[in-house]
Amino acid sequence: MEPASAPTPPVPVPPPPTFSLAKRHHVGESVIRTVLFLCAAVSVLTTIGIIIILVEQAWEFFREVPITDFLFGTKWTALFKTPEYGVLPLVAGTLWITAIAMLIAVPLGVMSAVYLSEYASPKIREWLKPTLELLAGIPTIVFGFFAVTFIRPQLLERIFPSIGPFSALAAGVAVGIMIIPLVASLSEDAMRAVPRSLREGGYAMGATKNEVSWQVVVPAAISGIIASCILAMSRAVGETMIVALAAGSKAQLSANPLEPMQTMTGFIVQTFSGDVVAGSTPYLSLFAVGLLLFVITLLLNIFSQFVVARFREVYE
Amino acid sequence: MSDLASAPLSTTGLRRRQRWSAAMAIILLLATLVGVVALIALLVSIISQGAPWLSWHLLTNMPSRKAEKAGLYPALIGSMWVITLTALVAFPIGVLTAVYLEEFARKGRLSKVIEVNIANLAGVPSVVYGLLGLGVFVTWLDLGRSVIAGALTMALLVLPVVIISSREAIRAVPSSLRQAAFGLGATRWQVAWDHVLPTALPGILTGVILSISRALGETAPLIVVGAAAYVTFLPDSLLSKYTVLPMQIYEWSRRPKDDFQGLAAAGIIVLLLLLLLLNAVAIWLRSRASRRVRW
């Protein structure tokens with residue numbers, strides 16, 4: 001309202017129209033909207049379900065075994081006559097296998113990504129990338145079998161003659177090979193998103209292709225590369241069938257990766273493959289281990305999203 | 001970065017740097033080939049172990065304690081049951097969730113929560129889904145160690161993948177199509193159902209088939225929800241006991257006798273052939289879609 005203008009009589013508001021286009025089909029549409037929302041709610045309920053089931057059963061477990069004994073105990077003999085529930089050996093087994101897998105997958109995956117994104121001709125890339133992705137589509141049980149029947153006897157036994165039939169090393173190598181495509185594919189996506197002008201700037205300064213790749217492209221794509229490595233790590237932590245077949249079922253704190261080890265996931269499936277009485281303490285311990293596994297992988301996934309959100313360089 | 005910045009713009013060591021760059025091309029190619037060689041080694045070693053055990057009666061016999069007579073008929077049929085039921089549950093829920101998020105939901109806090117939740121669910125280890133299925137379907141809903149309990153667990157496992165790939169397919173539909181329909185007075189649902197979904201269908205189906213192939217190869221959650229190790233009958237209802245291909249492979253490969261290792265390798269060949277078939281269908285759908293529609 002302009003202060004200078006003369007007061008005008010209020011304009012009469014027209015009566016609302018009896019027919020509203022916006023309200024047509026309103027009933028049917030809102031029913032449909034509700035149905036769709038319920039479908040979307042299934043995924044939220046899944047998360048809530050996971051948390052409730054794990055926490056509830058783990059709570060039962062912690063009433064029998066103090067949580068500090070569980071988290072800091074160094075002996076895991078859940079299925080023995082005198083059971084002890086110290087989860088550290090399982091955590092150590094998981095860490096060993098994850099570390100070995102990362103040692104293989106990170107260098108090979110990042111180098112593959114640099115090759116595919118910077119060096120390969122379109123024709124080679126067209127063949128190489130899908131072939132590498134085939135590796136990602138192979139079921140993990142197949143990798144487990146491959147670890148036991150090929151990686152250990154044909155490959156590792158020649159280098160380490162003292163390796164046993166089950167070892168953290170054989171499992172770790174197989175997990176590493178399995179996650180190479182994950183690192184390669186996501187890192188390559190990040191590198192290809194780096195604008196051409198940055199590379200051309202490097203070449204204009206007299207840099208070679210090698211220097212442009214490692215000193216311009218990789219630093220510019222580093223958030224995506226790190227995120228892909230963290231995701232791969234989370235996959236390695238949660239990998240189950242390879243370790244169930246190749247790592248053995250002896251939960252022990254050991255500094256020697258040539259020895260058998262049991263991981264958190266390995267303990268869960270190996271126990272269910274045998275007989276376990278529902279409601280017994282060993283049964284409840286499965287959920288406590290599952291909860292710990294869930295928390296670790298969730299933290300890794302959140303961390304990888306954080307890295308992307310926080311350190312991402314956005315180009316035009 | 002620092003040594004590049006401090007290097008003078010002359011040809012200092014240029015020959016050396018160029019040679020190093022050319023060598024790097026070979027090193028990187030070799031690193032890339034490690035993955036390819038591993039794939040070839042895997043296929044060759046499994047085919048050479050399993051080929052002698054491939055036979056018609058492997059597909060039609062029941063499992064047996066004698067390796068020569070053992071077959072994986074119940075596992076094959078059990079896998080078909082599980083992936084069919086999984087698809088029947090995960091396909092509608094996943095696609096409708098994608099429609100909700102892309103076409104209906106307001107971009108607010110609620111849809112953000114659902115999105116973050118789906119992204120995180122995709123990263124939950126499969127064995128944890130097994131514990132969920134054990135708690136909810138096997139125990140709470142009292143479905144027991146039945147084929148439906150396994151399939152529902154599997155459906156929850158693949159749901160995030162179905163949702164994410166369906167959303168991508170829906171997002172690829174140009175908004176001009178929606179606006180044209182809205183302009184003619186179509187409601188939101190009419191736009192989604194009559195225009196967006198038919199256009200996005202090939203992309204959606206590709207994603208669904210790929211997630212089904214994941215369900216076909218997945219073992220860990222089914223061990224937890226109680227797929228049986230030794231089954232000599234076929235499932236005849238949703239509540240019957242069952243086993244699946246990867247489960248049978250796991251059982252065989254854990255036996256110490258060499259014969260069963262060979263059987264396990266033969267089972268893997270069958271599993272890989274089925275996966276190949278599914279993926280071929282997915283690729284065919286994708287190429288058909290990209291040929292027909294050009295924006």
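So you know, we letter chains A, B, ... as the sequences are listed, proteins then strands, and number each from 1.
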For chain B, the option from [options] that forms the most heavy-atom pairs under 4.5 Å:
options                        : answer
A:K209, A:E56, A:R33, A:R235   : A:R33
A:T265, A:T131, A:I180, A:L245 : A:L245
A:L291, A:I124, A:L300, A:T240 : A:T240

Selection from [options] maximising heavy-atom pairs under 4.5 Å formed with chain A:
options                       : answer
B:I163, B:I114, B:V34, B:N120 : B:N120
B:S111, B:A25, B:P246, B:P92  : B:A25
B:V225, B:I46, B:V224         : B:V224
B:A122, B:A23, B:G135, B:G123 : B:G123

Does a donor on one side chain and an acceptor on the other come within less than 3.5 Å for [X] and [Y]?
X      : Y      : result
A:N210 : A:Q215 : no
A:S213 : A:E118 : no
B:Q248 : B:T243 : no

Check: [X] side chain, [Y] main-chain N or O, donor-acceptor pair, under 3.5 Å:
X      : Y      : answer
B:S211 : B:V158 : no
A:S185 : A:L182 : no
A:S187 : A:A184 : no

Where does [X] contact chain A at under 4.5 Å (heavy atoms): side chain, backbone, both or neither?
X      : value
B:I223 : both
B:V36  : both
B:L275 : side chain
B:E103 : neither

Side chain / backbone / both / neither for [X] at chain B, heavy atoms under 4.5 Å:
X      : answer
A:I53  : side chain
A:I32  : side chain
A:I151 : neither
A:T46  : both
A:L128 : side chain
A:T47  : both
A:F37  : both
A:Q57  : neither
A:S273 : both

For this session: For atom CH2 of B:W193, decide whether the heavy atoms of other residues, nucleotides or ligands shown that lie under 6.0 angstrom number more than 12.
Result: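 Atom CH2 in B:W193 is not crowded, with 12 or fewer foreign heavy atoms closer than 6.0 Å.
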Exercise. Parallel under 30°, tilted from 30 to 60°, perpendicular over 60°: which one fits the rings of A:F272 and A:Y283?
Worked result: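 Perpendicular, since the angle between the ring planes exceeds 60°.
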Exercise. Taking the inter-plane angle between the rings of A:F143 and A:F146 on a 0 to 90° scale, is it parallel (under 30°), tilted (30 to 60°) or perpendicular (over 60°)?
Worked result: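 Geometry flag for A:F146 against A:F143: perpendicular rings.
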Exercise. Going through the distances and angles, do A:E29 and B:T187 end up as a side-chain hydrogen bond (donor to acceptor under 3.5 Å, both in side chains)?
Worked result: CA-CA 8 Å; A:E29 283 283 305; B:T187 61; 2.8 Å; yes
For this session: Would you mind checking if A:E211 and B:R17 are paired as a salt bridge, meaning a charged N to carboxylate O distance below 4.0 Å?
Result: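 Counted as a salt bridge, because a side-chain N and a carboxylate O are separated by less than 4.0 Å.
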